2 protein chains.
Amino acid sequence: MKDLTEVAQKFVLHWGEMGTRWGINRTVAQIHALLFITESPLDAEEICEVLGVARSNVSNSLKELQNWGIVKVVHLQGDRRDHFESMKDVYEMFRVILAERKRREIDPTVLTLKTCVSEADGDGMENYSKQRLKDLLDFFETTTNFYEQANRLPTKAAVKAIKMGDKFLKTFS
Amino acid sequence: MKDLTEVAQKFVLHWGEMGTRWGINRTVAQIHALLFITESPLDAEEICEVLGVARSNVSNSLKELQNWGIVKVVHLQGDRRDHFESMKDVYEMFRVILAERKRREIDPTVLTLKTCVSEADGDGMENYSKQRLKDLLDFFETTTNFYEQANRLPTKAAVKAIKMGDKFLKTFS
DNA sequence: CTCTTATTTCTGTTAATACTGAAATAAGAG
DNA sequence: CTCTTATTTCAGTATTAACAGAAATAAGAG
């Protein structure tokens, strides 16, 4: 595996940095970036070399990416090593990421809010505070309902919808 | 300032936890949660006591929340201490947060991608990789364009649009 | 101006997380 | 089954970010 070009390097580093800002491990994001721009699947050893991180770190990060569902193992003819490739369709990829974040973070938050709202009576909480929790719950329910629906569209339709929505909204302003 | 009720505590802790998952400091998120559910503006000392964190921590966290634009200082008659209150309209609040995250993270990413794409020729980068970067850039431009337009709608219209969009999409499925 | 009180800044500590390298395990070839 | 090679697990280390407490600064009252 030859070294990354300067541009590739720049992208991988930036993506890693972005990851950290969104609560994603730097190495995980870097590996994802690398796999995303690389045409052929890479094995773990190659990833180590290119990124200069420990084998175990790569192993764990790849697991994480597989948990996210945006990286898959593939096997190449006559090579017993695992090779890894990223999902390539950008829209699809972000849909998967979004769905996963919803599952991991939004759903539990909605659950917590529901519990809070239902326990709020008999807890001595101010009515004002109760109402704020209700507002918040309502916000999450409304937006996630919308998301659920929008997410049923196949990617192409979704992209079209976004572009049409954009144009449509422009006629207002 | 009296202690938080159990429910309030549960919410504040959860919100803090959520913060960390999205790259937001735990204390920052906790203070935000506290101010959000509290009707009257609080001073820094009160926040310290309720959350049990150091004064300096509160001070810095409040600065951060003010930078985000979701917490404001208010002054009360006959009290020289600063008091703080959170934006209360949930939709508006998330709009502000989203706008700020775009400004801080998405815009720089778009810039980086543009640079990468334009420098990709003469860098020896594979055509395949170049294309992936272009795809990614296209994705960000399409979605942020849409976002920009959607964000021009006043909150009420936006909420309506979300609810209508939800209903509309349901007719498909 | 001076005193008091609020706020911020700074420095050191702690805690959390990321990471490494070695050891253990697993998996495939022969 | 045995040997080799790939992968994972684990225990320790390092890095980073969060936080506390003290010191410095600022701001308001009188």
Side-chain angles (χ1 to χ4, degrees), chain A residues 1 12-13 15-35 41-68 71-85 104-105, chain B residues 1 12-35 40-68 71-85 104-105:
Chain A
M1 181 81 198
V12 168
L13 292 180
W15 204 244
E17 213 46 52
M18 270 314 101
T20 65
R21 303 251 186 179
W22 292 88
I24 305 223
N25 177 285
R26 180 178 282 107
T27 308
V28 171
Q30 285 182 357
I31 293 178
H32 173 243
L34 175 62
L35 294 177
L42 301 178
D43 66 65
E45 204 61 50
E46 289 175 301
I47 298 172
C48 282
E49 285 166 22
V50 174
L51 300 183
V53 295
R55 187 54 235 281
S56 53
N57 194 1
V58 169
S59 177
N60 291 326
S61 300
L62 284 168
K63 268 280 153 61
E64 180 67 5
L65 285 165
Q66 285 170 280
N67 289 341
W68 277 94
V71 162
K72 299 258 179 282
V73 188
V74 293
H75 284 104
L76 283 99
Q77 182 64 281
D79 191 337
R80 49 199 271 214
R81 287 169 298 184
D82 291 347
H83 286 67
F84 301 88
E85 69 179 2
R104 296 186 189 193
E105 292 139 17
Chain B
M1 181 80 197
V12 168
L13 292 179
H14 181 86
W15 204 244
E17 214 46 53
M18 271 315 100
T20 64
R21 306 253 185 176
W22 293 87
I24 304 219
N25 177 284
R26 179 177 282 108
T27 308
V28 171
Q30 284 183 357
I31 293 177
H32 172 243
L34 174 63
L35 294 177
S40 52
L42 301 177
D43 65 67
E45 203 60 50
E46 289 175 301
I47 297 172
C48 282
E49 286 167 21
V50 174
L51 299 182
V53 296
R55 188 52 235 281
S56 53
N57 195 2
V58 169
S59 177
N60 291 327
S61 299
L62 284 168
K63 267 280 152 60
E64 180 66 5
L65 286 165
Q66 285 170 280
N67 290 339
W68 278 94
V71 162
K72 298 258 179 285
V73 188
V74 294
H75 284 104
L76 281 80
Q77 183 63 283
D79 190 335
R80 48 199 270 215
R81 287 170 299 185
D82 290 346
H83 285 67
F84 302 89
E85 67 179 4
R104 295 186 189 195
E105 292 140 16

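In what follows, chains carry the letters A, B, and so on, assigned in the order in which the sequence lines appear, proteins first and then strands, with residues in each chain numbered from 1. What you see is a predicted model; the values in this text were computed from it and never measured.
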*Take A:E105 and B:M18 through the test side-chain contact (heavy atoms from CB on, under 4.5 Å) and record every step on the way to the result.*
CA-CA 7 Å; A:E105 292 139 17; B:M18 271 315 100; 3.9 Å; yes
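- In DNA chain D, stems built from 3 or more consecutive Watson-Crick or G-U wobble pairs, each with both distances under 3.5 Å, span C:1-30 with D:1-30.
- A tilted orientation is assigned to the rings of B:H32 and B:W15, their planes being inclined by 30° to 60°.
- As rounded to whole Å, 17 Å separates atom C1' of C:dT7 from atom CG of B:L42.
- Listed by first then second residue, pairs satisfying salt bridge (Lys or Arg N to Asp or Glu O under 4.0 Å) with a partner in residues 16-27 of chain B read B:E17-B:R26, not counting sequence neighbours.
- Among A:V12, A:V58, A:L35, the single residue meeting the side chain to side chain contact (heavy atoms under 4.5 Å, CB included) criterion with A:Q30 is A:V12.
- To the nearest 0.5 Å, atom CG of residue A:L42 and atom SG of residue A:C48 are 11.0 Å apart.
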*Mind running salt bridge (charged side-chain N to carboxylate O under 4.0 Å, His left out) on A:E64 and A:R104 for me, showing each step along the way?*
CA-CA 13 Å; A:E64 180 67 5; A:R104 296 186 189 193; 3.4 Å; yes
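- In this entry the distance linking CG of B:L62 with C1' of D:dC19 reads 15 Å, nearest Å.
- We find that CG of A:N57 is positioned 16 Å from P of D:dA14, with the value rounded to whole Å.
- Taking NE2 of B:H83 as the reference point, atom CD of B:E46 lies at 5.5 Å (rounded to 0.5 Å).
- A:D79 has its CG atom 19 Å from the P atom of D:dT4, to the nearest Å.
- Distance from the side chain of B:N60 is smallest for C:dT9 among the nucleotides D:dC19, C:dT9, D:dT7.
- B:H83 has its NE2 atom 11 Å from the C1' atom of C:dA6, to the nearest Å.
- Using a 4.0 Å heavy-atom criterion, one finds that B:G23 contacts no nucleic acid atom at all.
- Of the listed nucleotides (D:dC19, D:dT9, C:dT5), C:dT5 has the atom at the smallest distance from the side chain of B:R80.
- Per the geometry, CZ belonging to A:R21 stands 13 Å off C1' belonging to D:dA17, to the nearest Å.
- Within 4.0 Å of B:R81, counting heavy atoms only, lie sugar-phosphate atoms of the nucleic acid but no base atom.
- Side-chain contact between A:I47 and A:L34 is present, with heavy atoms from C-beta onward closer than 4.5 Å.
- The side chain of A:N25 sits closest to C:dC19 out of C:dG21, C:dC19, C:dG28.
- Projected onto DNA chain D by closest heavy-atom contact, A:R26 and B:A54 fall at different nucleotides, the more 5' of which corresponds to A:R26.
- Of the candidates D:dT7, C:dC19, D:dG21, D:dT7 carries the atom nearest the A:D82 side chain, counting heavy atoms from C-beta on.
- Take the nearest nucleotide of DNA chain C for B:Q66 and for A:V53: the residue whose nucleotide is more 5' is B:Q66.
- When the nucleotides C:dC19, D:dT8, D:dC19 are ranked by their closest atom to the side chain of A:R55, D:dT8 comes out on top.
- For B:S59, no side-chain nitrogen or oxygen approaches OP1 or OP2 of C:dT9 to under 4.0 Å.
- The side chain of B:S56 lies closest to C:dC10, out of D:dT4, C:dC10, C:dT7.
- Look at CD on A:E45: it is 18 Å from P on D:dT4, rounded to the nearest Å.
- Atom NZ of B:K63 and atom P of D:dA26 are 12 Å apart (whole Å).
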